[in-house]
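Inspection log for the structure reproduced underneath, given as structure tokens.
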Amino acid sequence: MANQEELFRKIISHAKEYGFIFQSSEIYDGLSAVYDYGQYGVELKNNIREYWWKNMVQFNENIVGLDAAIFMHPTVWKASSHVDAFSDPMLDNKDSRKRYRADVLVEDYIAKIEDKINKEVEKARKRFGETFDEKMYLETNPRVVEYKTKITEIKARFFPALDRNDLAEVKKVIEDLEIACPVSGTRNWTDVRQFNLMFATQMGSLSEDASQIYLRPETAQGIFVNFLNVMKTGRMKVPFGIAQTGKAFRNEIVARQFIFRMREFEQMEMQFFIKPGEEMKWYEHWKEKRMEWHLSLGIPASRYRYHDHDKLAHYANAACDIEFEFPFGFKELEGIHSRTDFDLNAHQQYSGKKLQYFDPETNESYVPYVVETSIGLDRTFLAILSFAYTEEKLDDGSERVVLKIPPRIAPVKVAVLPLVKKDGLPEKAREIFDILKTDFYCQYDEKDAIGRRYRRQDAIGTPYCVTIDNITLEDYTVTIRERDSMKQERVDIDALHQLVSEKVRKNLME
RNA sequence: GCGGGAGUAGCUCAGUGGUAGAGCAUCAGCUUCCCAAGCUGAGGGUCGUGGGUUCGAGCCCCAUUUUCCGCUCCA
């Protein structure tokens, strides 16, 4: 385990040192759990996204793409139940580590005062016997009046504060009332926080008439709200899918493990709309298909596993994860969920629009069921990076660090290297570079010894190095070096483009 | 969120109160016809940030921030 932690640290260092991932706003001390992709990171990320997209959209006639906006009507999140699920103001007692809802604490406190009033009434009833006038007593007894006034004051102060989301005032009320934790008995409270994972912002530039909207916490809802549009304009017939990639935002309470859990992250999702009753068939289908996609990247199957959910979310009737063995253990990479008709039904209710499919065979309309595949792009990036990072001891005793990224998704495809920086080799190399660069992301490098340049390319995972030497000038051939084996072969320059194309464009699913 | 550790060059780190360093990396040359650590030279740091103690702080104290580990939470 210590070795694995060590390895993970090395991967993080490597990712920074070679321009894959930087911490956000680093020169300002960074921003917690937010990361930027550097010059090679963005290439790898784009390539993974494109590889997913082609396999989902281009290779499946009944799946189409979508790019819904991050901003959506606030009611979308009411319908999806994201707003209400977890949005109470909460605070923790630092000593007992118990978490309470602020309104519950205050209401309990008010209940205690009411209790005291009742006790006074009971005492008085015993004392005055038959002649006791409860109504009169409640209005005139100084102690009772004091209690009642206090309750009124608390209510007048606390509930408006709750309504206008003034969390500082909410906390101040609790402090002023000297409310203690029932468990620890102390008044050592954290600040009151709104425990909602959604990032809120406002639309409209003047704050007075701006309305609160959210940055989407998942991309799926953008698909559901466009279900009707896509189905009608695309003449889609069930079963069909809508795929989308894009950013999503969650206020994670604990965000850790590098880019594994970030506050801003990217999802690649596909919602597959099906006839009710067929959900298990399609659930199994996508469960299998998605695993095939992962394995096509060439990472050993032993590093993946399914994890079936026992406890299901409110919207699902079957769910599993595809987990990957990261250096910090098996963790979720992708989720496959049978979401029933929960989302479309909810949107149908809230919007008042009929979100149904007319089946011409049965002459009936129904709300389709949905099977979702939802994969984290950043997590896939991390999975590939942690698989690819390799430290090797070579036969001559030296060491090298190489990223064994599948050529199809490697950031730089080809490095073009003149063996030495003279004798016309740089000029020749430039010619070859120009031939390749229109179709492949290439690098030209003439600095330092050839071996050092190979190692530099190994470190960023470039699968092929083309080297120009004296023989090139004579017979128009170059050597091409393969990253993992370090083997070289001599090929005609004329054949180079075709050769590279075969190697880096190969569809891995075949 | 709680507790503990850490933050010095792009990376890994040394520096126990008295003039900020090393290796690797980077850049400019030289050398080199195939796998880094040959040669010469150069650039790069308000020591995470802000306060304090002191004649003097990278070092001591406080706060803050980032990060790591453990616990907790995760609709």
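Predicted, not measured: the structure shown is a model, and the values here were computed from it. By convention in this document, chain letters (A, B, ...) are assigned in the order of the sequence lines, proteins followed by strands, and residues within each chain are numbered from 1.
As a whole-Å value, the separation of A:I12 CD1 from B:U12 P is 10 Å. B:C11 atom P lies 14 Å from atom OH of A:Y389, rounded to whole Å. We find that CD of A:E482 is positioned 16 Å from C1' of B:C34, with the value rounded to whole Å. Atom P of nucleotide B:C34 and atom CG of A:D445 are separated by 18 Å, given to the nearest angstrom. The OH atom of A:Y28 sits 22 Å away from the P atom of B:U64 (whole-angstrom rounding). If you measure from atom CZ of A:F22 to atom C1' of B:G10, you get 9 Å, rounded to the nearest angstrom. The distance from atom CG of A:D458 to atom P of B:A25 is 15 Å, rounded to the nearest whole Å. When rounded to the nearest whole Å, the span between CZ of A:F8 and P of B:U67 equals 13 Å.
Across all strands shown, B:A36 forms no Watson-Crick or G-U wobble pair with both key distances under 3.5 Å. B:G3: Watson-Crick or G-U partner is B:C69, with both key distances under 3.5 Å. Across all strands shown, B:C74 forms no Watson-Crick or G-U wobble pair with both key distances under 3.5 Å. If you check B:A63 for Watson-Crick or wobble pairing at under 3.5 angstrom, you find it paired to B:U49. When both distances must be under 3.5 Å, the Watson-Crick or G-U wobble mate of B:A57 does not exist. With a cut-off of 3.5 Å on both Watson-Crick or G-U wobble distances, the partner of B:A22 is given as B:U12.
Contacts of A:L419 with the nucleic acid, taken as non-hydrogen atoms under 4.0 Å apart, include base atoms. As judged by a 4.0 angstrom heavy-atom cut-off over every strand, A:K422 is placed among residues touching the sugar-phosphate backbone only.
Between B:G4 and B:C74, the distance separating the two C1' atoms is 23 Å to the nearest Å. Rounded to whole Å, the C1' atom of B:C60 lies 10 Å from the corresponding atom of B:U16. On the C1' atoms, B:U32 is 27 Å away from B:C11, given to the nearest whole Å. Distance noted for atom C1' between B:C69 and B:C30: 49 Å (whole Å). Taking atom P on both B:G21 and B:G50, the two are 22 Å apart, rounded to the nearest angstrom. The same atom, P, is picked in B:G3 and in B:U12; the two are 28 Å apart, to the nearest Å. Taking atom P in both B:C61 and B:G5, one finds a spacing of 11 Å when rounded to whole Å. Nucleotides B:U19 and B:A57 place their C1' atoms 14 Å apart, quoted to the nearest Å.
Phosphate contact (OP1/OP2 of B:U26, side-chain N/O of A:R456, threshold under 4.0 Å): present. Close to B:G29, at under 4.0 Å from its OP1 or OP2, lies no side-chain N or O of A:K447. For A:K16 and B:G10, the shortest distance from a side-chain N or O to OP1 or OP2 is not below 4.0 Å. The phosphate of B:A36 (OP1 or OP2) has a side-chain N or O of A:R455 nearer than 4.0 angstrom. Contact annotation: A:R9 side-chain N/O to B:C11 OP1/OP2 distance is not under 4.0 Å. Side-chain N/O atoms of A:Q23 include one lying less than 4.0 angstrom from OP1 or OP2 on B:U67.
Between A:E482 and A:K487 there is no salt bridge, since none of the side-chain N atoms of the basic residue sits less than 4.0 Å from a carboxylate O of the acidic one. A salt bridge links A:E218 with A:R339: the distance from a Lys NZ or Arg NE/NH1/NH2 to an Asp or Glu carboxylate oxygen falls below 4.0 Å. For A:D448 and A:R455, the salt-bridge test fails: no basic side-chain N is under 4.0 Å from an acidic carboxylate O. The existence of a salt bridge linking A:D176 and A:R157 is confirmed by a sub-4.0 Å separation between a basic side-chain nitrogen and an acidic carboxylate oxygen.
A donor-acceptor contact under 3.5 Å links the side chain of A:R481 to the base of B:C35.
For A:R250 and A:D423, each mapped to the nucleotide of RNA chain B holding its nearest heavy atom, the one lying further toward the 5' end belongs to A:D423. Two residues, A:D469 and A:S13, neighbour RNA chain B, and the one matched to the more 5' nucleotide by heavy-atom proximity is A:S13.
Looking at the side chain of A:S32, the nearest of the listed nucleotides B:C68, B:U67, B:C35 is B:U67. Minimum atom distance to the side chain of A:A449 is reached by B:U32, of the listed B:U26, B:U32, B:C74. Taking only side-chain atoms of A:E17, from C-beta outward, the nucleotide of B:G10, B:U26, B:C34 with the closest atom is B:G10.
To the nearest 0.5 Å, atom CZ of residue A:F324 and atom OG of residue A:S386 are 5.0 Å apart.
Ring centroid separation for the pair A:H497 and A:F440 comes in under the 6.0 Å cut-off.
Of the candidates A:V416, A:L417, A:I468, A:V416 is the only one forming a side chain to side chain contact (heavy atoms under 4.5 Å, CB included) with A:F433.
Within the 4.5 Å cutoff, no side-chain heavy atoms of A:T390 are placed close to those of A:V401.
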